[in-house]
2 protein chains.
Amino acid sequence: MPVDLTPSQALGLWHEVTSQQVQQDGRDLTLRQLAILLEIYLVPPPHTVRGLASKLGVTKPVITRALDTMGDLGLVTRMRDDRDRRNVIIKRTVDGALYLERLGDLIIARGRAQTA
Amino acid sequence: MPVDLTPSQALGLWHEVTSQQVQQDGRDLTLRQLAILLEIYLVPPPHTVRGLASKLGVTKPVITRALDTMGDLGLVTRMRDDRDRRNVIIKRTVDGALYLERLGDLIIARGRAQTA
DNA sequence: GGCAAACGATACGGTAGCGTAACGAAACGC
DNA sequence: GCGTTTCGTTACGCTACCGTATCGTTTGCC
């Protein structure tokens, strides 16, 4: 696994991972969409549209659109908040967890190859 | 610096970097564009449209479009190959090198914060 | 010279992203 | 109750990407 990465090695790792991801995954998420997805899965819930927007410094429609797209892909789901029905709670899905699990494994694998 | 990354930490690193990149950089390159840019800067030249297309498993118009966009952003340049004027040689630029240098530093900085 | 192959760019119709602005629904304040 | 604020979503016009197919140019081959 990667030990003491230099900036050059870090870019090499990014290169390996993005390249492989482009080749093998037909979904081709935007950088923004990926950031949103990671935020949802790595930060403790609950997640709302407004919260994600302010956290990432983008407008609300950007979040709505990203959730539409990733919802169609099965990576996330949305539910109304029953305690405050103005809010929408973003939920994780099994497919989304699998997607990120595969990404994590890819990074490790490439990182290992990188420093090997 | 990152030592012995677990898959979870790897995703955390990706999260930090994509998130910060989304927030601070207005350019918002596609994952494909980023992969192309990294290929150009990290793999020894010469680079051609056809070569990049086959290397990344995409069609030639994808490369042409990406080079158009990144050319407008000043990240790459193109020149005709004088020895075989059918070819186009993709050249690096100072701005492109700076862009990736900043990305590399960002990864290191976030990786350090990640494991700190 | 002339035909086929290779290269990168372009055209086309379609899809998905963007920012700004406005919208309906729900909660809050008085 | 009723205006105001706060949600998330939708509408609009625009830009940029996609894949497939085709184009013009250049080279290679005979």
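By convention in this document, chain letters (A, B, ...) are assigned in the order of the sequence lines, proteins followed by strands, and residues within each chain are numbered from 1. Owing to the predicted nature of the structure, the values given are computational and were not obtained by experimental measurement.
Residue B/Val17 comes nearest to B/Ile107 through the heavy atom pair CG2-CA, 3.9 Å, listed as atom of the first residue, atom of the second, then distance. For the residue pair B/Ile40 and B/His47, the shortest heavy atom distance occurs at O-NE2, 3.1 Å. The two residues B/Ala66 and B/Ile36 come nearest to each other via the heavy atoms CB-CD1, 3.5 Å.
Nucleotides of DNA chain C nearest to A/Val58 and A/Asp84 differ in position, and the one nearer the 5' end is that of A/Val58.
Residue pairs meeting the salt bridge (Lys or Arg N to Asp or Glu O under 4.0 Å) criterion with at least one partner in residues 55-67 of chain A, sequence neighbours excluded, are A/Glu39-A/Lys55.
Residues forming a salt bridge (charged side-chain N to carboxylate O under 4.0 Å, His left out) with B/Lys91 (at least two apart in sequence, or on another chain): none. Not counting sequence neighbours, the partners of B/Asp25 by the side-chain contact (heavy atoms from CB on, under 4.5 Å) test are B/Gln21, B/Arg27, B/Tyr99, B/Arg102.
Look at CD1 on B/Ile89: it is 11 Å from C1' on C/dC7, rounded to the nearest Å. The NE2-P distance, from B/His47 to C/dC7, rounds to 17 Å in whole Å. A/Asp82 places its CG atom 12 Å from the P atom of C/dA26, with the value rounded to the nearest Å. Taking atom CE of A/Met70 as the reference point, atom P of C/dA16 lies 15 Å away to the nearest angstrom.
Remark on the helix from C/dG1-D/dC30 to C/dC30-D/dG1: inter-end axis angle 10°, axes from five-pair C1' superpositions, rounded to 10°.
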Per-nt protein contacts along nucleotides 2-17 of chain D (heavy atom under 4.0 Å; B base, S backbone sugar-phosphate only, - none) come out as ----BSBBB------S
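Using a 4.5 Å heavy-atom threshold, the side chains of B/Leu37 and B/Leu100 count as touching.
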Contacts table for residues 74-82 of chain A: side-chain donor-acceptor under 3.5 angstrom, sequence neighbours left out:
| unit_1 | atom_1 | unit_2 | atom_2 | d |
| --- | --- | --- | --- | --- |
| A/Arg78 | NH2 | A/Asp68 | OD1 | 2.4 |
| A/Arg80 | NH1 | A/Arg85 | O | 2.9 |
| A/Arg80 | NH1 | A/Arg86 | O | 3.0 |
| A/Asp81 | OD1 | A/Arg83 | N | 3.0 |
| A/Asp82 | OD1 | A/Arg85 | NH1 | 3.0 |

